[in-house]
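Notes follow once the structure below has been shown.
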Amino acid sequence: MRQVLVTGFEPFDGERVNPSWEVVKKLNDLQLSGVNIVVRQLPCVFGKAIEALNSAIDEVDPLMVLCVGQAGGRVEISVERVAINVIDARIPDNAGQQPVDEVIVAGGPAAYFSLLPIKAVVSGLREAGIPAMVSQTAGTYVCNHVMYGLLHRLAQGNCKAVKGGFIHIPYLPEQAARHPGAASMSVNTVVKALELTIAIALHTEQDLAIAEGTTH
């Protein structure tokens with residue numbers, strides 16, 4: 001059975017949990033739309049996060065990679081459109097690094113666009129009653145770093161058939177309780193959102209393949 005790789009991050013910036021990992025770990029070994037989901041936790045550390053992601057891709061050989069990160073303060077599931085070749089860290093990462101105005105890949109493109117059907121995903125989530133939006137910025141911290149690293153990897157020859165993208169999610173309710181006025185979303189709602197995202201992305205790819213006469 002083919003596999004989908006889904007990643008979340010360890011906690012950072014003083015938080016006890018990271019909602020991305022609390023949600024993603026519940027998807028491990030789930031069989032959905034004819035694929036098996038494999039999950040991995042990434043360190044919130046520049047450089048090491050991409051190394052861990054690349055190792056997971058080598059190990060899993062996925063047909064799709066979905067990376068998930070925390071965006072405290074956002075009110076919806078944010079399906080990211082673009083990753084830029086910039087690191088500009090507002091706060092240190094978990095190793096104490098705080099790069100400013102540095103590139104992620106020397107000589108790399110200024111930006112990469114998501115390989116997921118982002119508007120179809122947003123539409124599907126909204127139809128299911130889950131607040132969602134297309135986001136035009138993944139920021140300049142470790143989440144953008146990972147999204148850019150993922151798409152750079154997938155642009156290489158032996159990975160061009162693999163789809164990939166990034167989703168930001170709000171705080172969990174227990175986190176928002178410590179940030180008065182911040183939005184939150186429950187684990188169960190985000191789990192449903194990620195399951196739908198995977199199903200929509202895979203279904204879209206199957207439809208395209210059928211239309212092009214490449215499947216039977």
Side-chain angles (χ1 to χ4, degrees), residues 6-27 39-46 49-50 52-53 65-94 97-99 104 111-116 118-119 121-122 124-126 128 130-151 164-198 201:
V6 185
T7 70
F9 284 100
E10 66 183 359
F12 70 101
D13 195 25
E15 294 290 335
R16 299 187 188 99
V17 298
N18 190 312
S20 66
W21 181 242
E22 296 305 305
V23 170
V24 164
K25 68 184 182 182
K26 293 186 177 297
L27 299 175
V39 308
R40 293 290 184 272
Q41 186 184 70
L42 303 181
C44 189
V45 177
F46 292 109
I50 291 178
L53 175 62
V65 182
L66 178 63
C67 296
V68 185
Q70 168 188 300
R74 295 200 191 185
V75 300
E76 301 169 298
I77 299 288
S78 298
V79 184
E80 298 296 345
R81 184 192 294 272
V82 61
I84 59 175
N85 194 10
V86 172
I87 303 172
D88 194 19
R90 176 183 60 84
I91 58 174
D93 67 11
N94 283 356
Q97 303 175 100
Q98 192 173 4
I104 299 168
Y112 283 108
F113 289 95
S114 176
L115 299 174
L116 302 180
I118 58 174
K119 290 197 172 179
V121 168
V122 168
L125 295 182
R126 288 176 175 173
I130 300 173
M133 62 174 285
V134 172
S135 169
Q136 312 298 343
T137 175
T140 55
Y141 194 53
V142 182
C143 288
N144 175 75
H145 175 74
V146 162
M147 183 179 178
Y148 186 94
L150 168 65
L151 297 174
F166 197 101
I167 285 180
H168 268 119
I169 63 175
Y171 284 137
L172 299 179
E174 56 264 39
Q175 291 177 286
R178 299 192 299 275
H179 299 277
S184 67
M185 193 172 286
S186 72
V187 167
N188 288 342
T189 298
V190 184
V191 166
K192 181 180 177 182
L194 297 186
E195 290 176 349
L196 283 170
T197 297
I198 293 166

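Keep in mind that the numbers below use all heavy atoms, side chains included, and drop hydrogens, waters and symmetry copies.
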Do [X] and [Y] have side-chain atoms, one donor and one acceptor, less than 3.5 Å apart?
X: Glu76; Y: His168; result: no
X: Asn188; Y: Ser186; result: no
X: Asn94; Y: Glu10; result: yes

Contacts of type side chain to side chain donor-acceptor pair (under 3.5 Å), residue Lys26, not counting sequence neighbours: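 Lys26 satisfies side chain to side chain donor-acceptor pair (under 3.5 Å) with no residue once adjacent residues are dropped.
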
Of the options Val68, Val190, Leu66, Ile169, which is the one that meets Val24 in a side-chain contact (heavy atoms from CB on, under 4.5 Å)?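 Answer after filtering Val68, Val190, Leu66, Ile169: Val68.
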
Restricting to non-hydrogen atoms, name the atom on [X] and the atom on [Y] that form the minimum distance, rounded to 0.1 Å.
X: Pro173; Y: Met185; answer: CD-O, 3.5 Å
X: Val6; Y: Ile198; answer: CG2-CD1, 4.0 Å
X: Ala52; Y: Leu42; answer: CB-CD2, 3.9 Å
X: Ala183; Y: Val75; answer: CB-CG1, 3.6 Å
X: Pro19; Y: Tyr171; answer: CG-CA, 4.4 Å

Please determine if Glu15 and Arg178 form a salt bridge, counting it only when a charged side-chain N lies under 4.0 Å from a carboxylate O.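 Answer for the salt bridge query: yes.
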
Please report, to 0.1 Å, the donor-acceptor pairs under 3.5 Å made by any side chain of residues 135-145, with sequence neighbours excluded.
unit_1: Ser135; atom_1: OG; unit_2: Arg74; atom_2: NH1; d: 3.1
unit_1: Ser135; atom_1: OG; unit_2: Glu80; atom_2: OE1; d: 2.8
unit_1: Ser135; atom_1: OG; unit_2: Glu80; atom_2: OE2; d: 3.3
unit_1: Ser135; atom_1: OG; unit_2: Thr137; atom_2: N; d: 3.3
unit_1: Ser135; atom_1: OG; unit_2: Thr137; atom_2: O; d: 3.0
unit_1: Gln136; atom_1: OE1; unit_2: Arg81; atom_2: NE; d: 2.7
unit_1: Thr137; atom_1: OG1; unit_2: Gly139; atom_2: N; d: 3.0
unit_1: Thr140; atom_1: OG1; unit_2: Asp88; atom_2: O; d: 2.8
unit_1: Tyr141; atom_1: OH; unit_2: Pro92; atom_2: O; d: 2.8
unit_1: Asn144; atom_1: OD1; unit_2: Ile84; atom_2: N; d: 3.0
unit_1: Asn144; atom_1: ND2; unit_2: Ile84; atom_2: O; d: 2.9
unit_1: Asn144; atom_1: ND2; unit_2: Val86; atom_2: O; d: 3.2
unit_1: His145; atom_1: NE2; unit_2: Gly47; atom_2: N; d: 2.9

